[in-house]
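Some notes on the structure that comes next.
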Amino acid sequence: MEILAHEASGDKILLTNDCCPNAAMKNVFQTQFFTCTLRRIELYNQNLMQYTVESAARFLLLHLTIYNHTNEILSMFREDFYLRYDGEGTEAEEFFHVPHQFPDTYALKPNEEQRGCLAFIIAADTKRIVFSYTEYFDDDAEGKTYRLKYDIQQSYSR
């Protein structure tokens, strides 16, 4: 997968290794309830719109498609998704009006698809990211955890 890096000198495309053992599903995972497709990764330096983070951090946007493949309305929450990077971890940032950002909560009708992005703040020198979702059930039981892994390299393509 290519990662679009927004820098003061212009946009660049970072090359990354997809670290998934199943090449057919390297940017997709399917749970009991929905299918999640990672369409694009964007990296920003310290500035995103009118928001600024400290120099040791940067913004990361994951552009997703979520498809409800059940026959019931599916409630989704920002906190459902988690990102680990170089040993640290974080939930997606609360909704702050980034274009196409998923709201903090939303519902998907049966067979409905929604496209949007999740915003994260990560360390500026991050080398690897792991995007994950863990199933939780009404009885507080924990199900399977799904992961998409990527190495972020410092080489650029034109």
Side-chain angles (χ1 to χ4, degrees), residues 1-7 11-14 16 18-20 22 24-54 57-124 126 128-138 140-152:
M1 172 173 281
E2 296 178 340
I3 301 173
L4 185 57
H6 301 281
E7 299 180 354
D11 294 347
K12 296 185 168 128
I13 297 176
L14 289 169
T16 183
D18 301 326
C19 301
C20 180
N22 181 353
M25 298 290 282
K26 65 183 173 184
N27 298 321
V28 177
F29 60 82
Q30 183 174 342
T31 73
Q32 293 182 40
F33 310 104
F34 66 89
T35 302
C36 177
T37 304
L38 178 58
R39 296 186 331 271
R40 187 173 76 232
I41 299 171
E42 286 186 279
L43 286 170
Y44 289 81
N45 284 330
Q46 289 75 39
N47 300 309
L48 177 60
M49 298 174 43
Q50 71 269 25
Y51 301 98
T52 303
V53 293
E54 60 188 48
R58 66 188 334 183
F59 288 99
L60 172 78
L61 298 183
L62 299 181
H63 294 268
L64 307 170
T65 300
I66 309 290
Y67 173 73
N68 177 1
H69 56 75
T70 69
N71 292 324
E72 298 182 13
I73 293 175
L74 182 61
S75 295
M76 300 293 293
F77 303 92
R78 170 185 52 83
E79 299 91 358
D80 289 340
F81 299 97
Y82 195 75
L83 187 83
R84 293 199 60 76
Y85 58 94
D86 296 342
E88 301 292 324
T90 186
E91 292 176 350
E93 293 297 307
E94 292 180 7
F95 182 77
F96 61 103
H97 303 286
V98 169
H100 311 291
Q101 185 180 5
F102 281 111
D104 292 341
T105 62
Y106 55 98
L108 292 172
K109 296 175 186 169
N111 299 309
E112 182 180 18
E113 172 181 283
Q114 186 164 343
R115 296 172 78 122
C117 71
L118 293 172
F120 297 90
I121 297 173
I122 61 172
T126 295
R128 185 173 204 202
I129 59 172
V130 180
F131 175 64
S132 66
Y133 169 83
T134 300
E135 294 175 325
Y136 292 98
F137 301 100
D138 292 338
D140 292 330
E142 189 174 307
K144 185 175 178 180
T145 298
Y146 302 87
R147 294 178 183 90
L148 299 176
K149 303 174 184 180
Y150 302 94
D151 288 330
I152 298 175

Reported [atom1]-to-[atom2] distance for the pair [X] and [Y], which is rounded to 0.5 angstrom:
{"X": "L43", "Y": "I129", "atom1": "CG", "atom2": "CD1", "answer": "7.5 Å"}
{"X": "H63", "Y": "E42", "atom1": "NE2", "atom2": "CD", "answer": "3.5 Å"}
{"X": "L118", "Y": "D80", "atom1": "CG", "atom2": "CG", "answer": "10.0 Å"}
{"X": "C117", "Y": "L62", "atom1": "SG", "atom2": "CG", "answer": "8.5 Å"}
{"X": "Y67", "Y": "C36", "atom1": "OH", "atom2": "SG", "answer": "14.5 Å"}
{"X": "E79", "Y": "E91", "atom1": "CD", "atom2": "CD", "answer": "5.5 Å"}

State whether the side chain of [X] and the backbone N or O of [Y] hold a donor-acceptor pair below 3.5 Å, judged by distance alone.
{"X": "E142", "Y": "T134", "value": "no"}
{"X": "D104", "Y": "E94", "value": "no"}
{"X": "R78", "Y": "A92", "value": "yes"}
{"X": "N68", "Y": "T70", "value": "yes"}

More than 12 heavy atoms of other groups within 6.0 Å of E72 CD: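 12 or below, so no.
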Given Y82, F120, Y150, Y146, the one that forms side-chain contact (heavy atoms from CB on, under 4.5 Å) with F131: F120
Result of checking V28, L64, L148 against T37 for side-chain contact (heavy atoms from CB on, under 4.5 Å): V28
Which atoms form the tightest heavy-atom contact between [X] and [Y], and what is the distance?
{"X": "A107", "Y": "I73", "value": "CB-CG2, 3.9 Å"}
{"X": "H69", "Y": "Q32", "value": "CE1-O, 3.4 Å"}
{"X": "V98", "Y": "M49", "value": "CA-SD, 3.6 Å"}
{"X": "Q46", "Y": "F59", "value": "O-CE1, 3.5 Å"}
{"X": "I122", "Y": "L60", "value": "CD1-CB, 4.1 Å"}
{"X": "A124", "Y": "R58", "value": "O-NH1, 3.6 Å"}

Residue pair T90 / I121, side-chain heavy-atom distance below 4.5 Å: no
Check: L74 and I66 side chains under 4.5 Å, non-hydrogen atoms: no
Residues R39, T65; criterion side-chain hydrogen bond (donor to acceptor under 3.5 Å, both in side chains); working and verdict: CA-CA 7 Å; R39 296 186 331 271; T65 300; 3.0 Å; yes
Ring centroid separation Y133 to F34 under 6.0 Å: yes
